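Take a look at the structure set out below.
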Amino acid sequence: MGYTLPKDSLFLGFDCSTQSLKATVLDANLVIVASEFVHFDSELPRYNTKDGVYRDPMVDGRIVSPTLMWVEALDLLLEKLEAKVDYRKVAAISGSAQQHGTVYWKKGSKAMLASLDPCKPLVTHVGDAFSLKDSPIWMDCSTTSQCREIENAVGGAFELSKLTGSCAHERYPGPQIRKIFETQPDVYNDTERISLVSSFMASLLIGGHASIDETDGAGMNLMDIKRRVWSKIALEATAPGLEEKLGKLAPAHAVAGLIAPYFVERFQFKDSCLIIQWSGDNPNSLAGLALHSPGDMAISLGTSDTVFGITSEPQPSLEGHVFPNPVDPTYYMVMLVYKNGSLTREDVRNQYAERSWDVFNKYLEKTPPLNGGKLGFFYKEHEILPPLPVGCHRYVLENLSCDSLGEIKEHEVQEFDPPSEVRAIIEGQFLSMRGHAERIGMPTPKRIIATGGASSNACILKEIANIFGCPVYTVQRPDSASLGAALRAAHGWLCNKESVFVPISCMYEDKLDKTSLSAKLAIPAGDRELISKYTLLMKKRMQIERNLVDKFGRI
Ligand code: ADP
Ligand code: XUL
């Protein structure tokens, strides 16, 4: 059965990502009618961030963002968007945020949130609301010892993965919270509530502490993935009294609350405007890309690179992540995450391609597929997958033309010529995605939908089609996360109206092409012969990667 949304209504979706806060507005036909963004570094220069973050020079791997910058960005974005959107028509708002970042609300902050004065900007009200000024974010990797402590306490990495959907990861809230409990006990004790970036932004909008949604909650090493409740054993392994500080979990399609009077008076939203639970950026992208069946794969090329798909039978492992599907409670999403995404590509571009994507693309076009056997591993940041420290490793492979893995030998080199550096980073990143996706049992993709900033680059998409051997699609806007959030706002509104869960596809079934959710073929599948050569190269790469992890891997 198809459902229609009220004719004149609008649905607003945000995405609080690493580098910017974005917004997308959908009308009742699920067509984008407006979008806007605030770029943190350039538009909020007083926070002095670089790429939206602070890298702590004193503590190796500690990466945080100023919590108040996100607060100020919300007011600023609403001011910018006001010229384009009649806020009185907005029936519901939802959002997306970088996953895993944590916000620490001080004791008494609930009362502060409940009394926001519309005459003054948000930032003046919550300036003193946090027990920790800067929020540890997904790029942080300073919690290795806490990861091991938590894993050991629950019976090992694989046990934790079976229980929560992932083994312990440095960027996950469980280890982050444990580190604060261990190293700053006063901060931990003074904390009334811990939010994820997603539930934090929802909290501002409802003027109260919003629940953490089950999907983003799965990315914490704290939630029982099967039962979708906090896991007592994981909580105990992390910090005392934690359950109370986390509050309740809620499904991603649930209503978090009505919009706070602050936004009604300051921006003229209707007081009946619903705030639907916010969730993580990757889950929101899954919704925004309308992924619906196993074999649909998405590659998001943002600050981080992620690969994700859908499954009904998740198999938690040591490398990927399992989350509940944010728009279908019967399914799960599986995901791989790379920290060295766009910023590492930019680094190679700046060093070898005159700081220009045009030159970068020219180099990609003039170098042959397989790069004459030049294979690179580029880690500008500590990598998650594989767990390797900062560094670059370059190899030249011999006998690549033969069919047997055993006969291909490698020798290490210091540097390639600039065009080969460019091809090496691109081929390396996508060969790794293919190798790891196969290893965690993601179905062979029938099609790939590319999204995120770098998906606007057709030369990069061509390499994806060649390496994976399937067609690559793109969407109207590379920012699928805020689009997914706007769609989820409409979905949550509908579920609330019907007082029952409504499958999201009912909203666009038979008319996907007329909505802004449709995907367009960007690059057809690559040549079959080339794909089998890439298969061999991928296997060789996985072998070398294993050796690198044995030699340099973080324990
Ligand atoms: P996030 O949402 O994580 O903040 P985005 O998805 O907005 O990030 O992506 C931003 C990144 O997109 C930039 O860091 C930049 O490297 C990359 N990007 C933008 N245009 C291109 C291009 N033409 N080719 C490759 N990468 C690009
Ligand atoms: C996912 C992850 C990143 C962030 C980036 O596990 O760490 O993709 O969500 O915003």
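Numbering of ligands and ligand atoms starts at 1, following listing order. Predicted model only: the values in this text are computed from it and were never measured. We number each residue from 1, following the sequence as shown.
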*Kindly determine whether Glu170 and Lys179 satisfy salt bridge (Lys or Arg N to Asp or Glu O under 4.0 Å), including the steps that lead there.*
CA-CA 10 Å; Glu170 277 87 350; Lys179 184 176 162 199; over 6 Å; no
*Tell me: protein heavy atom nearest atom 4 (O) of ligand 1, and distance?*
Ser17 OG, 2.9 Å
*Heavy atom of the protein closest to atom 21 (C) of ligand 1 (residue, atom name, distance)*: Trp357 NE1, 3.5 Å
*Around atom CG of Asp60, are there more than 12 heavy atoms of other residues, nucleotides or ligands at under 6.0 Å?*
no
*Under 4.0 Å from a heavy atom of Gln19: give me the atoms of ligand 1 that qualify, with their elements.*
4 (O), 14 (O)
*Compare Thr303, Asp358, Asp15, Leu461 and give the one whose heavy atom is closest to atom 3 (O) of ligand 1.*
Thr303
*Please determine if Glu365 and Lys462 form a salt bridge, counting it only when a charged side-chain N lies under 4.0 Å from a carboxylate O.*
no
*Taking all atoms of both residues into account, what is the closest heavy-atom pair of His100 and Pro173, and its distance?*
O-CG, 3.2 Å
_Given the ring of Tyr473, does Arg447 sit roughly above its face, with NZ or CZ under 6.0 Å from the centre of the six-membered ring and within 45° of the axis?_
yes
*Heavy atoms under 4.0 Å from ligand 2: which residues qualify?*
Gln98, Gln99, His100, Trp138, Arg171, Asp281, Asn282, Ser304, Thr306, Met335, Val337
*asked:* Distance alone, cut at 3.5 Å: any donor-acceptor contact between the side chains of Ser420 and Thr367?
replied: no
*Considering only protein heavy atoms, which is closest to atom 11 (C) of ligand 1, and at what distance to one decimal place?*
Ser342 OG, 3.5 Å
*Salt-bridge criterion met for Glu463 and Arg423 (N-O under 4.0 Å)*: yes
*Please state which protein non-hydrogen atom is closest to atom 6 (O) of ligand 1 and give its distance, to 0.1 Å?*
Gly453 N, 2.9 Å
*Should the ring pair Tyr172 and His169 be called parallel, tilted or perpendicular, given that the plane angle runs from 0 to 90° and is split at 30 and 60?*
tilted
_With sequence neighbours excluded, residues passing side-chain hydrogen bond (donor to acceptor under 3.5 Å, both in side chains) with Glu43_ = Lys80
*Record the part of Lys22 in heavy-atom contact with ligand 1 below 4.0 Å; permitted values are side chain, backbone, both and neither.*
side chain
*How far is atom 24 (N) of ligand 1 from its nearest protein heavy atom, and which residue and atom is that?*
Asn457 ND2, 3.1 Å
*If you count the atoms of ligand 1 from 1 in the order shown, which ones are under 4.0 Å from a heavy atom of Gly452?*
6 (O)
_For atom 15 (C) of ligand 1, closest protein heavy-atom neighbour_ = Glu346 OE2, 3.1 Å
*Checking Arg541 against Phe377: charged group under 6.0 Å from the ring centre and within 45 degrees of the axis?*
yes
*Between Ile460 and ligand 1, does any nitrogen or oxygen pair lie at a separation below 3.5 Å?*
no
*Report yes or no: is the cationic atom of Arg228 (NZ for Lys, CZ for Arg) closer than 6.0 Å to the six-membered ring centre of Tyr332, at no more than 45° off its axis?*
yes
